[in-house]
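A, B, ... follow the sequence lines: proteins, then strands. Residue 1 opens every chain.
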Amino acid sequence: MELSFYNSLTRQQEPFHSLKPHQVGMYSCGPTVYNYAHIGNFRAYLFEDLLRRTLEFAGYKVTQVMNLTDVDDKTIRGSQAKQMPLADYTRPYIESFFADLKALNVEPAEVYPPATAHIPEMKQMIQVLFDKGIAYKSEDGSVYFSVDRFPSYGRLAHLDRSQLRSGVRISTDEYEKESFGDFAIWKGWDEKDGDVVWEAPWGKGRPGWHLECSAMSMKYLGESFDLHTGGIDNLFPHHENEIAQAEAVTGKPFVQTWMHCAHLRVNGQKMSKSLGNFFTLRDLLDKGYSGREIRYVLLGGHYRQPLNFTFDALSAARAALARIDECVDALTARAGEAQEENGVRVPSSLEAFAHAVADDLNSPEAFSALFAFVRAANAALQAGLSPVGAKLALEEFAQMDRVLGIITFGRNVNQAVPAEIQALAAERLKARAEKNWSESDRLRDLLAEKGWQVRDSKEGQTLKVLAK
RNA sequence: GGCGCGAUAGCCAAGCGGUUAGGCAGAGGACUGCAAAUCCUUUUAGAUCAGUUCGACUCUGAUUCGCGCCUCCA
């Protein structure tokens with residue numbers, strides 16, 4: 001299976017070949033744990049999940065590293081506002097981050113390194129940068145990276161350094177830097193930092209955010225690795241700076257392929273904490289939407305295109321997922337029947353599906369293939385699909401779901417119907433037999449309130465748990 | 001100012017130089033006591049103006065509108 005991805009570094013789609021055969025190292029910029037992540041943040045994590053699942057689908061063993069930024073300006077400010085130790089302040093946000101990933105059916109990364117546990121590695125990098133004459137200390141005790149001494153700076157963002165000066169924010173620069181583009185790799189301690197401080201030969205302080213990612217990615221993935229991902233807004237300066245730090249230290253190419261996810265929008269604007277137009281996962285769960293519905297919506301657009309978030313889309317997701325569930329349920333039921341083999345099979349969509357995800361993770365097209373398969377399976381079921389054919393179709397759904405992660409298998413299998421529900425259903429059946437329609441309708445509504453759907457067909461009355 | 005992205009039907013959202021994307025909603029049909037759910041069928045596109053071409057939603061240029069990044073926002 002030939003994969004190709006759009007590489008932000010070269011700005012074109014290229015065939016993907018891992019540095020080592022059959023295995024991939026990927027680093028994904030994780031959350032800064034000063035608050036609850038919103039679903040715009042989760043769009044990026046879902047894009048990364050789609051990427052790792054696609055790589056696994058193609059037969060690679062994936063080692064994914066996602067950092068937890070648990071020390072920076074915001075986490076320090078937040079912990080001091082609440083007058084609590086930094087670690088106590090960040091812990092609940094870390095915990096809810098993992099809970100949210102689980103709710104969205106995101107496959108866990110292999111390593112989630114917290115920045116505070118990797119200060120020695122960061123200090124070591126700074127020392128090397130000092131030794132090479134690329135780092136310098138400023139009067140406030142901070143250490144800066146001199147971009148003038150790293151000539152390829154700007155390659156990722158395609159920024160000409162001479163143009164950086166035309167930015168309107170130049171006046172906000174308050175530190176003593178040698179050159180405008182220089183960035184802090186170590187923040188000198190000041191009173192606002194309280195007890196958040198580490199000792200270093202060049203003075204006490206804390207690491208800069210960009211340096212955290214360079215140090216932790218190389219620790220777990222080596223000096224050169226395959227994939228580095230994040231939101232598009234990390235492309236500059238964060239990822240540009242990561243390249244500069246890493247390559248200045250090692251002299252080797254840092255990352256082969258850079259991939260960036262476009263923003264989630266609300267009313268045409270990016271969802272962000274500063275604009276206040278965001279929803280956390282919990283906000284949506286509290287409104288009755290499920291993790292898989294949100295997952296479906298966020299995977300419904302191509303990762304490199306901005307995606308507009310709407311509640312209409314969430315409702316549409318519920319209906320679409322119900323259709324997939326119905327089909328899988330019907331196949332599961334058929335697979336369990338004792339029926340003679342008749343050679344009826346569902347025409348496969350797996351090739352179209354694989355082609356879609358291999359082509360720069362085209363999830364919308366992958367869904368198109370999935371629904372083509374749903375239609376074909378429904379038609380085959382009506383044409384007398386045999387249990388063997390049903391099992392094969394379920395296997396194909398399982399294959400697709402390795403990548404998409406949105407199908408619920410065996411939903412109504414082993415689903416015990418509570419005695420109360422059974423009693424109500426029996427009453428309704430009796431009312432129907434007596435043609436007491438008002439009573440039977442009342443019981444139907446009552447069952448629906450309790451989360452059970454009643455269906456009448458030639459075979460009689462059946463009960464199903466309402467989909468979520 | 002620099003770098004870059006986009007404009008597709010009621011809504012969301014893809015591919016493609018000529019042949020059905022897909023989902024939701026809407027409509028018709030099957031099923032039903034009526035429904036619901038499900039299944040089948042199906043209407044509505046390509047911002048504007050030029051150009052290239054036998055042929056453009058797809059390529060080129062311009063215009064209009066929208067969005068992102070430009071020192072720590074996924």
Just checking [X]: base, sugar-phosphate only, or nothing, at a heavy-atom cut-off of under 4.0 Å?
{"X": "A/F183", "answer": "base"}
{"X": "A/E48", "answer": "nothing"}
{"X": "A/H263", "answer": "base"}
{"X": "A/N308", "answer": "sugar-phosphate"}
{"X": "A/S440", "answer": "base"}
{"X": "A/F47", "answer": "nothing"}
{"X": "A/L307", "answer": "sugar-phosphate"}
{"X": "A/A262", "answer": "base"}
{"X": "A/G40", "answer": "base"}
{"X": "A/D182", "answer": "base"}
{"X": "A/A319", "answer": "sugar-phosphate"}

Rounding to the closest angstrom, what is the interatomic distance between [N] and [M] at atom [atom1]?
{"N": "B/A45", "M": "B/A21", "atom1": "P", "value": "12 Å"}
{"N": "B/U38", "M": "B/A25", "atom1": "P", "value": "8 Å"}
{"N": "B/U52", "M": "B/U60", "atom1": "C1'", "value": "7 Å"}
{"N": "B/C67", "M": "B/A9", "atom1": "C1'", "value": "22 Å"}
{"N": "B/U48", "M": "B/U64", "atom1": "C1'", "value": "7 Å"}

What's the [atom1]-[atom2] distance between [X] and [N], to the nearest Å?
{"X": "A/L381", "N": "B/U38", "atom1": "CG", "atom2": "P", "answer": "15 Å"}
{"X": "A/R11", "N": "B/C3", "atom1": "CZ", "atom2": "C1'", "answer": "6 Å"}
{"X": "A/R43", "N": "B/C73", "atom1": "CZ", "atom2": "P", "answer": "20 Å"}
{"X": "A/H302", "N": "B/A21", "atom1": "NE2", "atom2": "C1'", "answer": "16 Å"}
{"X": "A/W452", "N": "B/A37", "atom1": "CH2", "atom2": "C1'", "answer": "15 Å"}
{"X": "A/L299", "N": "B/C12", "atom1": "CG", "atom2": "P", "answer": "19 Å"}
{"X": "A/L264", "N": "B/C73", "atom1": "CG", "atom2": "C1'", "answer": "14 Å"}
{"X": "A/E365", "N": "B/U20", "atom1": "CD", "atom2": "C1'", "answer": "14 Å"}

side-chain contact (heavy atoms from CB on, under 4.5 Å) against A/V249, all qualifying residues, sequence neighbours excluded: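 Once residues adjacent in sequence are excluded, the partners of A/V249 under the side-chain contact (heavy atoms from CB on, under 4.5 Å) criterion are A/M125, A/V128, A/L129.
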A/N362 side chain near B/A14 phosphate (N/O to OP1/OP2, under 4.0 Å):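 No, outside the criterion.
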Any A/R323 side-chain nitrogen or oxygen under 4.0 Å from OP1 or OP2 of B/G23: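 It does, given that an N or O in the side chain of A/R323 lies less than 4.0 Å from OP1 or OP2 of B/G23.
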Close approaches to RNA chain B from residues 430-438 of chain A, in residue order (heavy atom, under 4.0 Å):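 Per residue number, the list reads A/R432, A/W437.
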A/Y289-A/F279 aromatic ring centre distance below 6.0 Å: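 No, they do not, as the ring centres are separated by 6.0 Å or more.
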Ring center gap for A/F98 and A/Y112 short of 6.0 angstrom: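 Yes, they do, as the ring centres are separated by less than 6.0 Å.
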[X] side-chain proximity, nearest of [options]:
{"X": "A/N41", "options": "B/G23, B/C73, B/A37", "value": "B/C73"}
{"X": "A/Q382", "options": "B/U38, B/G22, B/C39", "value": "B/C39"}
{"X": "A/Q453", "options": "B/C69, B/A14, B/A37", "value": "B/A37"}
{"X": "A/A320", "options": "B/A37, B/C24, B/G66", "value": "B/C24"}
{"X": "A/A316", "options": "B/C24, B/C3, B/C40", "value": "B/C24"}
{"X": "A/R375", "options": "B/C39, B/G22, B/A21", "value": "B/G22"}
{"X": "A/F236", "options": "B/A14, B/C69, B/G22", "value": "B/C69"}

Going by atom types only, do [X] and [Y] share a side-chain donor-acceptor pair under 3.5 Å?
{"X": "A/D359", "Y": "A/Q13", "value": "yes"}
{"X": "A/S138", "Y": "A/D140", "value": "yes"}
{"X": "A/N67", "Y": "A/T69", "value": "yes"}

Among A/F183, A/W186, A/F236, A/Y144, the one residue meeting ring-ring contact (aromatic ring centres under 6.0 Å, His included) with A/H210: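 Among A/F183, A/W186, A/F236, A/Y144, the one meeting ring-ring contact (aromatic ring centres under 6.0 Å, His included) with A/H210 is A/F183.
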Counting distance alone, no hydrogens or angles: does the base of [N] have a donor or acceptor under 3.5 Å from a partner atom on the side chain of [X]?
{"X": "A/R444", "N": "B/A36", "answer": "no"}
{"X": "A/D312", "N": "B/G23", "answer": "no"}
{"X": "A/K270", "N": "B/C73", "answer": "yes"}

Which nucleotide, in any strand shown, forms a Watson-Crick or G-U wobble pair with [N], with both distances under 3.5 Å?
{"N": "B/C3", "result": "B/G68"}
{"N": "B/U52", "result": "none"}
{"N": "B/C39", "result": "B/G29"}
{"N": "B/G17", "result": "none"}
{"N": "B/A47", "result": "B/U63"}

Sub-4.5 Å side-chain heavy-atom contact between A/F225 and A/V255: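 Yes, at least one pair of side-chain atoms sits under 4.5 Å.
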First encountered from the 5' end of RNA chain B, between A/Y303 and A/G231: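 Upstream on the strand: A/Y303.
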Earlier contact from the 5' end, RNA chain B, for A/S368 and A/P306: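 Its nucleotide being nearer the 5' end, the pick is A/P306.
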Within 6.0 angstrom of A/Q12 CD, more than 12 heavy atoms from elsewhere: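 Enclosed.
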More than 12 heavy atoms of other groups within 6.0 Å of A/H118 NE2: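 Yes, because the 6.0 Å sphere around NE2 of A/H118 holds more than 12 heavy atoms from other groups.
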Interatomic spacing from CG in A/L51 to CG in A/L227 - rounded to 0.5 Å: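 One finds 5.5 Å between CG of A/L51 and CG of A/L227.
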